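All remarks here apply to the structure that follows.
The structure presented is a predicted model; accordingly, all values stated were derived computationally and were not measured.
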Protein chains: 2
Amino acid sequence: MDITFENLKQELKKKNIGLSYQRLKVLEYLIQNRCHPTVEQIFTELQKDIPTLSKTTIYNTLRILAEADLVKVINIEEKEARYDIDTKDHGHFKCESCGAIFDFPIDIDSLIPEDLSKFKINDKNVYFKGLCPGCLYNNN
Amino acid sequence: MDITFENLKQELKKKNIGLSYQRLKVLEYLIQNRCHPTVEQIFTELQKDIPTLSKTTIYNTLRILAEADLVKVINIEEKEARYDIDTKDHGHFKCESCGAIFDFPIDIDSLIPEDLSKFKINDKNVYFKGLCPGCLYNNN
DNA sequence: ATACAAATTTGTAATCATTACAATGCTATT
DNA sequence: AATAGCATTGTAATGATTACAAATTTGTAT
Ligand SMILES: [Mn+2]
Ligand SMILES: [Mn+2]
Ligand SMILES: [Zn+2]
Ligand SMILES: [Zn+2]
């Protein structure tokens, strides 16, 4: 299923999640900004459209979308959570110099060990950290 | 290199990290408690031996040990960090019911994609979440 | 041993992302 | 219009972590 605004709206309806203006704006923002934004970034941008917007609404909306598996929470940093509209399995690389978070493909299922055969796996995360090509080229 | 108290002491000396009583106690605790403890757990236990112990000392010590690559910080939970004396690559599985964190082997290097060939990878983390066999057996 | 400087610990206050909660506003149905 | 249920808003509370300065300990030179 493609990640389009219309498809996601259908998903919300299917899961009985109200299509409020704020929620749709958060979804729209995540579709257009695939840089794994923080709550702060989403809030600051949407506030321009919705002057009365509350940060609590961003938190509430993201929690609801995450519970419905429509967004994925990325806890690659110790402090601030980041959000990803792409819920398909993929790895995340955080550059320790510029802070950017890059996606990369990884076939994690191919090497889940026998040790976990009796576990029920609900969530898989692969987080790498280091330096991105741009920062490697520029720095010292 | 084996994870023994004496070996780790040598590592500290080699890296010019003072062998204070508090630091050695934290190391000793991590060697004996492989359950990926929190700062709170380490502090509460060591306070029995060192009545004047400060939680700040635990934070300072763990930061220094992590910077020296003698412990690994596990950020599998959104809130509290956990600490692992085993710095070799391995995966972590957190049971969402009982909260226990399990180690599992994973050969992550075997499937690092071509996409990352121009990145410098300093840190690799694999975090799974779900239900452990014990909780699967007991619960609903 | 004594004196001194550097390293380490300690306690307290600040930080800051996130959550709790109650009041307000909005929407749909009758 | 009245009602009920849902969603948003603003403010206060929470809690892990960090900042910081004072006190203590440690190592070293005399
Ligand atoms: Mn992503
Ligand atoms: Mn481990
Ligand atoms: Zn970079
Ligand atoms: Zn369990």
Side-chain angles (χ1 to χ4, degrees), chain A residues 8-9 12-29 36-68 70-84 94 99 101, chain B residues 9 12-29 36-68 70-83 94 99 101:
Chain A
L8 290 172
K9 262 168 81 169
L12 288 180
K13 267 190 197 140
K14 200 185 298 178
K15 300 188 177 178
N16 283 323
I17 299 171
L19 301 169
S20 76
Y21 185 73
Q22 286 85 339
R23 287 176 184 167
L24 294 178
K25 279 293 185 183
V26 169
L27 264 187
E28 189 183 50
Y29 183 87
H36 314 93
T38 62
V39 165
E40 188 65 35
Q41 288 175 298
I42 302 169
F43 173 70
T44 302
E45 186 61 25
L46 295 191
Q47 215 182 9
K48 297 174 184 169
D49 274 312
I50 315 167
T52 62
L53 184 63
S54 167
K55 203 175 282 184
T56 302
T57 298
I58 309 294
Y59 279 106
N60 288 342
T61 298
L62 290 170
R63 181 175 35 74
I64 283 171
L65 294 177
E67 282 168 5
L70 293 176
V71 309
K72 185 154 172 58
V73 186
I74 310 290
N75 279 313
I76 197 170
E77 327 194 47
E78 49 297 338
K79 33 170 67 162
E80 244 177 328
R82 289 165 167 273
Y83 297 86
D84 197 341
K94 170 159 193 228
I101 293 180
Chain B
K9 262 169 80 170
L12 288 181
K13 269 190 194 139
K14 200 185 298 178
K15 300 188 177 179
N16 283 324
I17 299 170
L19 301 167
S20 76
Y21 185 73
Q22 285 85 340
R23 287 178 184 165
L24 294 178
K25 278 296 186 184
V26 169
L27 266 186
E28 189 183 51
Y29 183 85
H36 314 93
T38 63
V39 164
E40 189 64 35
Q41 288 175 298
I42 302 170
F43 173 70
T44 304
E45 186 61 24
L46 295 191
Q47 215 183 11
K48 297 174 185 169
D49 275 312
I50 316 168
T52 61
L53 185 63
S54 166
K55 204 177 279 184
T56 301
T57 298
I58 308 294
Y59 278 107
N60 288 341
T61 298
L62 290 169
R63 180 174 37 72
I64 284 171
L65 294 177
E67 281 167 6
L70 293 177
V71 310
K72 186 153 171 60
V73 185
I74 309 290
N75 279 314
I76 197 171
E77 328 194 48
E78 50 295 339
K79 35 169 67 162
E80 244 178 327
R82 290 166 167 270
Y83 297 86
K94 172 161 191 223
I101 293 180

### Separation between CD1 of A:I50 and NZ of A:K25, rounded to the nearest 0.5 Å
6.5 Å

### Summary
Ranking C:dG11, D:dT9, C:dT9 by distance to the side chain of B:T57, first place goes to C:dT9

### Task
Indicate yes or no: at least one non-hydrogen side-chain atom of B:T61 is less than 4.5 angstrom from one of B:I42.
no

Validation: residues 53-60 of chain B side-chain donor-acceptor distances under 3.5 Å, sequence neighbours left out:
| from | atom 1 | to | atom 2 | distance (Å) |
| --- | --- | --- | --- | --- |
| B:S54 | OG | B:T56 | N | 3.2 |
| B:K55 | NZ | B:E40 | OE1 | 2.6 |
| B:N60 | OD1 | B:R63 | NH2 | 3.1 |
| B:N60 | ND2 | B:T56 | O | 3.4 |

### Task
Kindly write out the residues that satisfy side chain to side chain donor-acceptor pair (under 3.5 Å) with A:D84, not counting sequence neighbours, or none if the list is empty.
A:H36, A:H90, A:H92

### Summary
Note: A:L62 and A:V71 closest approach over all heavy atoms is O-CG2, 4.0 Å

### Message
With the threshold set at under 4.0 Å for non-hydrogen atoms, list the residues of residues 15-24 of chain B touching DNA chain C in residue-number order.
### Response
B:G18, B:S20, B:Q22, B:R23

### Summary
Sorted by chain and residue number, the side chain to side chain donor-acceptor pair (under 3.5 Å) partners of A:E45 (sequence neighbours excluded) come out as A:K48

### Task
Taking side chain to side chain donor-acceptor pair (under 3.5 Å) as the test, write out the residues that go with A:E67, two or more places apart.
none

### Task
Check the distance between D:dA16's C1' and B:E77's CD and give it to me in whole angstrom.
12 Å

Which pairs would a plain distance check flag for residues 15-24 of chain B, meaning a side-chain donor or acceptor within less than 3.5 Å of a matching protein atom at least two apart in sequence or in another chain?
| from | atom 1 | to | atom 2 | distance (Å) |
| --- | --- | --- | --- | --- |
| B:K15 | NZ | B:A68 | O | 2.7 |
| B:S20 | OG | B:R23 | N | 3.2 |
| B:R23 | NH1 | B:G18 | O | 3.2 |

### Summary
Those residues at least two apart in sequence (or on a different chain) that pass salt bridge (Lys or Arg N to Asp or Glu O under 4.0 Å) with A:E80 are none

### Task
Estimate the overall bend of the helix from C:dA1-D:dT30 to C:dT30-D:dA1 from the end axes over five pairs each, rounded to 10 degrees.
10°

### Summary
Across all chains, not counting sequence neighbours, the side chain to side chain donor-acceptor pair (under 3.5 Å) partners of B:K72 are B:D123, B:N125

### Query
Nearest-Å distance, CD1 (A:I58) to C1' (D:dA7)?
13 Å

Distances under 3.5 Å only, N/O to N/O: pair up the protein atoms with those of nucleotides 17-21 of chain D.
| from | atom 1 | to | atom 2 | distance (Å) |
| --- | --- | --- | --- | --- |
| D:dT17 | OP1 | B:A81 | N | 3.0 |
| D:dT17 | OP2 | B:Y59 | OH | 2.7 |

### Task
Report which part of the nucleic acid B:T52 touches: base, sugar-phosphate, or nothing (heavy-atom distance under 4.0 Å, all strands).
sugar-phosphate

### Members of residues 40-47 of chain A that approach DNA chain D, where some heavy atom sits under 4.0 Å away
none

### Task
Can you measure from OH (A:Y83) to CD1 (A:I74) and round to the nearest 0.5 angstrom?
10.5 Å

Check nucleotides 26-30 of chain C against the protein and report each pair of N or O atoms closer than 3.5 Å, with its distance, or say if there are none.
none

### Message
If you define the side chain from C-beta out and look only at heavy atoms, does anything of B:N75 sit under 4.5 Å from A:N75?
### Response
no

#### Entry: Between P of C:dT24 and CG of A:L53, the distance in whole Å
20 Å

### Query
Rounded to the nearest 0.5 Å, how far apart are CG of A:L65 and CG of A:L8?
8.5 Å

### Spacing between B:I50 atom CD1 and C:dG11 atom P, to the nearest angstrom
12 Å

### Query
Can you tell me how far CG of B:L46 sits from CD of B:E28, rounded to the nearest 0.5 angstrom?
8.5 Å

